[in-house]
2 protein chains.
Amino acid sequence: MTEARSGRPGPRRTLSEQAILDAALALLAELGAERVTIRGLAARVGIAPNAVYTYFPDKAAVLHGLTEQLLGRVHDTQSGESSLPWRDRIHALAHDLRTDLLAHPGSVHLLLGDSMDGPNARAIGTAMLAILADADLDPNAAAHAAHLLNVHILGSVALETTDQAVATDRFQWGLDRLLDGLTTYAATQRDHPRS
Amino acid sequence: MTEARSGRPGPRRTLSEQAILDAALALLAELGAERVTIRGLAARVGIAPNAVYTYFPDKAAVLHGLTEQLLGRVHDTQSGESSLPWRDRIHALAHDLRTDLLAHPGSVHLLLGDSMDGPNARAIGTAMLAILADADLDPNAAAHAAHLLNVHILGSVALETTDQAVATDRFQWGLDRLLDGLTTYAATQRDHPRS
DNA sequence: ACCTGAACACCGTTCAAGT
DNA sequence: ACCTGAACACCGTTCAAGT
C-alpha cells in the first residue's frame with residue numbers, strides 16, 4: 001500500500017520501510033511483542049517517533065508488515081519435500097510455524113490481532129491447500145480444513161504454558177486427532193459423493 | 001487472593017471488588033476490551049484511578065477477575081441436560097462459550113492473555129471432562145481432548161472475521177472433524193487397550 | 001482500610017515548521 | 001519527501017498525605 005516513490009528522494013533517503021520492519025523484528029525477538037512500539041522503533045533506527053509515520057500510516061500498518069515478515073520466515077523454511085505423504089507434510093508445516101511463533105515471544109497475539117491477508121499469509125494458505133489436495137478433500141472442505149489447522153496452530157501457541165514438554169505433547173496429540181477427523185471426512189465423501 | 005478483611009471497615013465501605021468487576025464487565029460489553037482500563041473503571045465507579053489498587057494489586061489481577069466473570073456466565077447458562085449424547089452436549093457447551101465470547105468484543109484476547117486458572121475456568125474444564133467421560137476416552141486422553149476443545153473454541157473466535165455466517169459454518173465443521181477424530185481415537189483405544 | 005492529588009514514565013498520533 | 005520539536009490525549013503505577 002505505502003510505496004516508496006523514488007521520483008525525488010528528498011534530503012537523503014536515510015531509511016526504508018524494510019529497515020523499520022527489520023528493527024521491529026529485532027525488537028520482537030529481543031524484547032517481546034509488547035515492547036515493539038513506535039517510539040522504540042524510532043529510537044532503534046535513529047529517527048524521531050513521528051518520522052515513522054512517513055513510512056507507515058499508523059501502528060497497525062507496522063504490525064501488519066511485521067506479521068508478514070514473520071510468516072515469510074516460515075514460508076522460506078519449508079520449501080520442497082513434496083514426496084512425503086500429506087500427513088507428514090502437514091506435520092512439518094505445523095511444526096515449523098509453531099516453532100517460529102515460539103521463538104518470538106508474544107508474536108501469536110500479534111497475528112491474532114492482525115488481518116493476516118498479506119502475500120506471505122496467502123502463500124502459507126495455498127501451501128496448506130496444496131498439501132490437503134492429496135488428502136481427497138473437495139475444495140470447500142480443503143478450505144475449511146486449512147482454516148481449522150490455522151486455528152489449531154495459533155490457538156495452541158496462544159494457550160501455551162511455560163511447560164514446553166507437555167505443550168508439545170498436547171499440540172501433536174490434538175493435531176493427530178484433527179487429521180484423523182479429516183481422514184474420516186474424506187472417506188465418507190468418497191463413499192457418498194453428493195450427500 | 002485479595003480478601004476484604006471486615007475487621008474494621010475504614011471511613012465507609014463505598015465499594016467492593018465485585019462492584020469494580022461489574023463495571024469492568026459493563027465497560028467490556030459496551031466499549032470493547034481495549035477500553036476496559038484502570039482509569040475508565042475508576043471513572044465509572046466514581047473514584048480516583050489509584051484507588052483501584054486498594055482492591056486489586058495490578059491491572060492483570062483486574063483482568064483475571066474479569067475473565068472469571070465472563071466464564072461464570074457461560075457456566076451458568078449450560079447447567080443440566082445430561083440425558084443427551086456426549087457429542088450434542090459438547091456442541092451445546094462449545095456453542096454457549098463461543099456465543100458469550102462474541103457478545104463481548106475483544107474478550108477472547110483477554111482470555112488468551114490470562115492464565116485462566118480461576119474457579120470458573122476450572123468449573124468449565126471439569127464440565128468438559130465430565131462429558132468426555134462418556135466418550136470412552138481414558139483420563140489422559142480426556143484431558144488432552146478438553147484442551148483441544150479449548151484451543152478450537154478460543155482460536156476460532158480469535159480468528160473470526162466480520163462474516164458471521166461463514167465463521168459459524170467453519171466453527172461447526174471444524175468441531176465435527178475434531179469430534180470425529182476423538183471418536184476414532186476412542187475406538188482404537190477400545191481395540192488396543194495398552195499400546 | 002480506603003481515598004485523594006500530584007507526579008513519573010510511558011504510549012500513539014498530530015501539527016507546524018524546516019530541508 | 002523526509003525529518004524535527006512540541007504538544008495533545010491518553011496509559012499503568014507509585015508516593016505522600018489525609019480520614
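Lettering of chains follows the sequences in order, A, B, ..., and the numbering in each one begins at 1. For the numbers below, each heavy atom of this structure counts, side chains included, while hydrogens, waters and symmetry mates do not.
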Inset, instruction - Side chain of B:Thr54 only, please: which of D:dT4, D:dT13, C:dC2 is the nearest? - result: C:dC2
Legend entry - Identified stems (criterion: three or more consecutive Watson-Crick or G-U pairs, under 3.5 Å), DNA chain C: C:4-8 with D:12-16, C:12-16 with D:4-8
Inset, instruction - Give every residue pair that meets the ring-ring contact (aromatic ring centres under 6.0 Å, His included) criterion with at least one member in residues 161-181 of chain B, sequence neighbours excluded. - result: A:His144-B:Trp173, A:Tyr185-B:Trp173, B:His152-B:Phe171
Legend entry - Separation between the C1' atoms of D:dC2 and C:dA16, rounded to whole Å: 15 Å
Inset, instruction - Output the single nucleotide from C:dC3, D:dT13, C:dT13 whose closest atom is nearest the side chain of B:Ile38. - result: D:dT13
Legend entry - Under the side chain to side chain contact (heavy atoms under 4.5 Å, CB included) test, residues paired with A:Ala167 that sit two or more places apart: A:Arg98, A:Glu160
Inset, instruction - Identify which nucleotide among C:dC3, C:dT13, D:dG12 has an atom closest to any side-chain atom of B:Tyr53, counting heavy atoms from C-beta outward. - result: D:dG12
Legend entry - Residues that A:Asp134 engages under side chain to side chain contact (heavy atoms under 4.5 Å, CB included), provided they are two or more places apart: A:Trp86, A:Arg89
Legend entry - Most 5' of B:Asp58 and A:Pro49 on DNA chain D, judged by nearest nucleotide: A:Pro49
Legend entry - A:Leu63 CG - C:dC11 P separation (whole Å): 14 Å
Legend entry - Protein-nucleotide distance (A:Ile47, atom CD1; D:dT4, atom P), rounded to Å: 6 Å
Inset, instruction - Keeping the roles fixed (side chain from B:Glu17, backbone from B:Phe56), state whether a donor-acceptor pair exists under 3.5 Å. - result: no
Legend entry - Flag side-chain contact, heavy atom, 4.5 Å: B:Leu154 against B:Leu101: yes
Inset, instruction - Not counting sequence neighbours, which residues clear side chain to side chain contact (heavy atoms under 4.5 Å, CB included) with A:Ala19? List them please. - result: A:Leu15, A:Ser16
Inset, instruction - Mind jotting down which residue pairs meet the ring-ring contact (aromatic ring centres under 6.0 Å, His included) criterion with at least one end in residues 91-132 of chain B? Sequence neighbours excluded, please. - result: none
Produce the list of close N/O pairs, under 3.5 Å, pairing protein atoms with atoms of nucleotides 8-10 of chain D; give distances to one decimal.
none

Inset, instruction - Could you measure between the two P atoms, the one in D:dA9 and the one in C:dA9, and give it in whole Å? - result: 22 Å
Inset, instruction - Could you please name the option among C:dT4, D:dT13, D:dT4 that lies closest to any side-chain atom of A:Ala51? - result: D:dT4
Legend entry - Partners passing side chain to side chain contact (heavy atoms under 4.5 Å, CB included) against A:Ala43 (at least two apart in sequence or in another chain): none
Legend entry - Interatomic distance where CG belongs to A:Leu41 and P belongs to C:dT13 [whole Å]: 12 Å
Legend entry - Set of salt bridge (Lys or Arg N to Asp or Glu O under 4.0 Å) partners for B:Arg170, sequence neighbours left out: none
Legend entry - A:Glu34 CD to D:dG12 P, straight-line distance once rounded to whole Å: 15 Å
Legend entry - Spacing between B:Phe56 atom CZ and D:dT13 atom P, to the nearest angstrom: 13 Å
